[in-house]
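Remarks on the structure that follows.
Everything numeric here is computed off the predicted structure, so don't read it as measured data.
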There are 2 protein chains.
Amino acid sequence: MGKLFSINNYNEIKEIFHDKGLKCTPQRQAVLKVLQESKGYLSISKIHRNVKELLPGTGLATVYRSLETLIELNLVVKVHLEDGCHSYAVAPKGHRHPIVCTDCNRVIDYTECPMEDLSKKLTKDTGILIQNHFLQLFGTCKQCQT
Amino acid sequence: MGKLFSINNYNEIKEIFHDKGLKCTPQRQAVLKVLQESKGYLSISKIHRNVKELLPGTGLATVYRSLETLIELNLVVKVHLEDGCHSYAVAPKGHRHPIVCTDCNRVIDYTECPMEDLSKKLTKDTGILIQNHFLQLFGTCKQCQT
DNA sequence: GCCCTAATTGAGAAACTTTCTCAATTGTAT
DNA sequence: ATACAATTGAGAAAGTTTCTCAATTAGGGC
Ligand SMILES: [Zn+2]
Ligand SMILES: [Zn+2]
Ligand SMILES: [Zn+2]
Ligand SMILES: [Zn+2]
């Protein structure tokens, strides 16, 4: 089927798949595109609904599988909400943290990681070897502060 | 039925319930006790299994309901894992962050919040009004570093 | 461009998780 | 002790995620 959508960085995306021996299928592209265009996190069912508009007949199982793949490739992140988990958003590049606007669901990319220094300090202080962390910020974005 | 378990701070707990007009039932006590004694996060099914040892016949729905209540009372927190969410642990008092040992599942209480200064800085820098944050650390505890 | 092959997909079943309903029970205040 | 509203257990119902397998397809080699 080949290139279906005008994802701006299509060749880049294609390479990321091929580097890991994975196929660049229209379904995977569609899931990514839906998230790229939403500018916010989306639940599985919303992703499925939007994907079907681009690619009617796409199965729910495929959406689950695509998200799994996209997360492995670091193209997508899972967003954990206070209750009702498992929404998804496009991944910021590198190690960053998402700021979720609780009004419009938009996900804003936060580029500084306050944990780098802290992790070292903590390991030194407590003896616990910090290996990973999970940080999300919730707030109200500029546009929603009216 | 009244007091069933020797929760050290039984009267304190009872008051917390009564302050909100909630009953201090054996089921709610049992769920709390199970989490207090585990020193780590537990999945719903494990909580249910352990609760039934203290209180045979306790229904699964009641475990769900009790956890909901205990979270509202800030006695329990939901722990979000990288995949497979919705485990639970006793809440640290005040605003703190849990460090989860990825080897033994123990939850260690971390008392400093690195976000306080950061949130203000971020609001100033980006204009986004930071209202809340969700931080968990993952690592290896002393005992598991052998 | 046309095969070949392994990876991927769709559909539905199956497994699993969470919520709901309602009659029976029970904690608490009086 | 009694009354009443809150809570519970059981099972049904709803919702979510994973699995299975035959059919399809992307990508590499010719
Ligand atoms: Zn979560
Ligand atoms: Zn917003
Ligand atoms: Zn440990
Ligand atoms: Zn904090």
Side-chain angles (χ1 to χ4, degrees), chain A residues 1-5 7 10-11 13-32 42-49 51-73 78-88, chain B residues 1-5 7 10-11 13-32 42-49 51-73 78-88:
Chain A
M1 190 173 262
K3 180 175 177 179
L4 240 192
F5 314 112
I7 295 177
Y10 175 76
N11 281 314
I13 299 287
K14 199 171 177 181
E15 255 182 34
I16 294 173
F17 281 109
H18 291 178
D19 283 355
K20 300 248 178 176
L22 297 167
K23 289 183 182 179
C24 187
T25 67
Q27 291 85 351
R28 285 169 177 170
Q29 289 172 53
V31 170
L32 182 57
L42 295 174
S43 65
I44 289 268
S45 56
K46 271 196 189 141
I47 294 171
H48 187 207
R49 205 175 315 140
V51 164
K52 278 193 293 189
E53 274 171 29
L54 294 177
L55 217 57
T58 303
L60 178 58
T62 298
V63 174
Y64 275 101
R65 289 181 290 221
S66 297
L67 286 168
E68 225 178 309
T69 306
L70 292 167
I71 288 170
E72 267 174 31
L73 296 176
K78 222 184 240 186
V79 175
H80 298 246
L81 307 177
E82 285 304 307
D83 49 72
C85 275
H86 299 263
S87 284
Y88 299 84
Chain B
M1 192 174 260
K3 179 175 174 176
L4 241 192
F5 314 113
I7 295 178
Y10 174 75
N11 281 315
I13 298 287
K14 199 173 178 181
E15 257 184 33
I16 295 173
F17 281 109
H18 290 179
D19 282 355
K20 301 249 178 177
L22 297 166
K23 288 184 182 179
C24 187
T25 67
Q27 291 86 349
R28 286 168 176 172
Q29 288 172 55
V31 170
L32 181 57
L42 295 173
S43 65
I44 288 266
S45 56
K46 271 196 188 139
I47 294 171
H48 187 207
R49 206 176 312 140
V51 164
K52 279 193 293 189
E53 275 171 29
L54 295 177
L55 214 58
T58 303
L60 178 57
T62 298
V63 174
Y64 275 100
R65 290 182 288 222
S66 297
L67 286 168
E68 224 180 309
T69 305
L70 292 167
I71 288 171
E72 266 173 32
L73 296 175
K78 220 184 241 186
V79 176
H80 297 246
L81 307 178
E82 286 303 308
D83 49 72
C85 275
H86 298 260
S87 284
Y88 299 83

*Spacing of B:Leu67 atom CG and B:His48 atom NE2 [to the nearest 0.5 Å]*: 11.0 Å
*About how many Å separate CZ of B:Arg28 and OG1 of B:Thr58, when rounded to the nearest 0.5 Å?*
13.0 Å
_Quick check on C:dT9: is either OP1 or OP2 less than 4.0 Å from any side-chain nitrogen or oxygen of A:Thr25?_
yes
_Interatomic spacing from CD1 in B:Ile16 to CG in B:Asn11 - rounded to 0.5 Å_ = 11.0 Å
*Starting from P on C:dT17, measure out to CD1 on B:Ile47 and report it in whole angstrom.*
13 Å
*May I ask you to say what A:Arg28 touches in the nucleic acid, namely base, sugar-phosphate or nothing, with a heavy-atom cut-off under 4.0 Å?*
sugar-phosphate
*Consider the side chain of A:Tyr64, meaning its heavy atoms from C-beta on, and name the nucleotide among D:dT18, C:dT18, D:dT8 that approaches it most closely.*
D:dT18
*Rounded to the nearest angstrom, tell me the gap between atom CZ in B:Phe17 and atom P in C:dT26.*
18 Å
*Would you classify B:Ser45 as touching base, sugar-phosphate or nothing, given that sugar-phosphate means primed atoms plus P, OP1 and OP2, and contacts are heavy atoms under 4.0 Å?*
nothing
*asked:* What is the distance, to the nearest angstrom, from the CG atom on A:Leu67 to the C1' atom on D:dT16?
replied: 14 Å
*Select one nucleotide: of C:dG10, D:dG27, D:dT8, the one nearest the side-chain heavy atoms of B:Ser66.*
D:dT8
*So what does A:Leu60 hit on the nucleic acid, given a heavy-atom distance under 4.0 Å: a base, only sugar-phosphate, or nothing?*
base
*Rounded to the nearest 0.5 Å, what separation is found between the OG1 atom of B:Thr69 and the CG atom of B:Leu22?*
6.0 Å
*Just compare C:dA29, D:dG9, C:dC20 and give me whichever is closest to any side-chain atom of B:Ala61.*
C:dC20
*Options C:dG10, C:dT8, D:dT8, nucleotide nearest the side-chain atoms of A:Leu22*: C:dT8
*May I have the distance from A:Lys14 (atom NZ) to D:dT25 (atom C1'), rounded to whole angstrom?*
14 Å
*Using only side-chain N and O atoms of B:Thr62, determine if any of them is under 4.0 Å from OP1 or OP2 of D:dG9.*
yes
_Contact under 4.0 Å: A:Gln27 side-chain N or O vs C:dG10 OP1/OP2_ = yes
*Closest nucleotide among C:dA6, D:dT8, C:dT9 to the A:Lys23 side chain*: C:dA6
_Interatomic distance where CD1 belongs to A:Ile44 and P belongs to C:dT17 [whole Å]_ = 17 Å
*From CZ (B:Arg65) to CD (B:Gln27), nearest 0.5 Å*: 9.5 Å
*asked:* I need the CG-P distance between A:Asn11 and D:dG27, as an integer number of Å.
replied: 11 Å
*Rounded to the nearest 0.5 Å, what separation is found between the CD atom of A:Gln29 and the CG atom of A:Leu54?*
10.5 Å
*Looking at C:dT28, D:dT8, C:dT8, which one has an atom nearest to any side-chain atom of B:Arg65?*
D:dT8
*When the distance from NE2 of B:His48 to P of D:dG11 is rounded to whole Å, what number comes out?*
12 Å
*Which residue lies more 5' along DNA chain D, comparing B:Gly21 with B:Pro56 via nearest heavy atoms*: B:Gly21
*Let me know the distance between CD of A:Gln29 and P of C:dT9, rounded to the nearest Å.*
11 Å
